[in-house]
Amino acid sequence: MTQATFGIGDLAREFGVTTRAIRFYEDQGMIAPRREGQRRVFQPRDRTRLKLILRGRRLGFSLAEIGEIVDLYEAPAGEAAQLKLLLDRIAARRAELKAKRRDLNASLDDLDAAAKNCRKRLKEMENGRSGKS
DNA sequence: GTTCTAACA
DNA sequence: TGTTAGCA
């Protein structure tokens, strides 16, 4: 069975990060594990947040940005006004990510073009020519 | 052995 | 963030 709680070492091993990094994220207010005396006790939800944090890191977001984004996933406060505000923020974030995706696709295309150019020159060299005139 | 805080590279 | 020190 999937355990109900985790120690900092468990999560560090599972996600391949140092315990130091996890404590750092806590200092930054991105996760708030329960305490048992001084020991940190992580609930499944903390584990999920950590997973989101690491994904954000892979996407190149600053820790501050990741903190804002992760908060968007958390349960809303309940007030209609707050829910609407949250929707606005989510929409804004989605727009940013889509823009980022477009840039990624453009970069991918550029790299593809560069690779094709390399192959072309390579073929020319193999044919005994010097490439460009 | 493991986790904790704090401070320094 | 990594590392290290001194505790519990």
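These figures come from a predicted structure and were not determined experimentally. First the proteins, then the strands, lettered A, B, ... as listed; each starts at 1.
Put simply, CD on A/Glu36 is 13 Å from P on B/dT3, counting in whole angstrom units. The separation between A/Arg23 atom CZ and C/dT3 atom P is 13 Å, rounded to whole Å. Look at CD1 on A/Ile22: it is 13 Å from P on B/dT5, rounded to the nearest Å. Distance A/Asp27 CG to C/dG2 C1': 14 Å, rounded to the nearest Å. When rounded to the nearest whole Å, the span between CD1 of A/Ile53 and P of C/dT1 equals 10 Å. Regarding A/Phe42, its CZ atom lies at a distance of 14 Å from the C1' atom of B/dT2, rounded to whole Å. In this structure, A/Phe24 atom CZ and C/dT1 atom P are separated by 6 Å, rounded to whole Å. Between the P atom of C/dA8 and the CZ atom of A/Arg35 lies a distance of 17 Å, rounded to the nearest Å.
Nucleic acid contact class of A/Thr18 (heavy atoms, under 4.0 Å, all strands): sugar-phosphate only.
The closest side-chain heavy-atom distance from A/Glu68 to A/Arg93 is below 4.5 Å.
Under a 3.5 Å cut-off, the side chain of A/Asn127 and the backbone N or O of A/Lys123 do form a donor-acceptor pair.
Looking at A/Arg20 and A/Glu26, no side-chain N of the basic residue comes within less than 4.0 Å of a carboxylate O on the acidic one, giving no salt bridge. Contact check on A/Glu96 versus A/Arg94 returns no salt bridge, with no Lys/Arg side-chain nitrogen under 4.0 Å from an Asp/Glu carboxylate oxygen.
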Report, one pair per line, the protein and nucleotides 6-9 of chain B atoms (nitrogen or oxygen only) whose separation is under 3.5 Å.
none

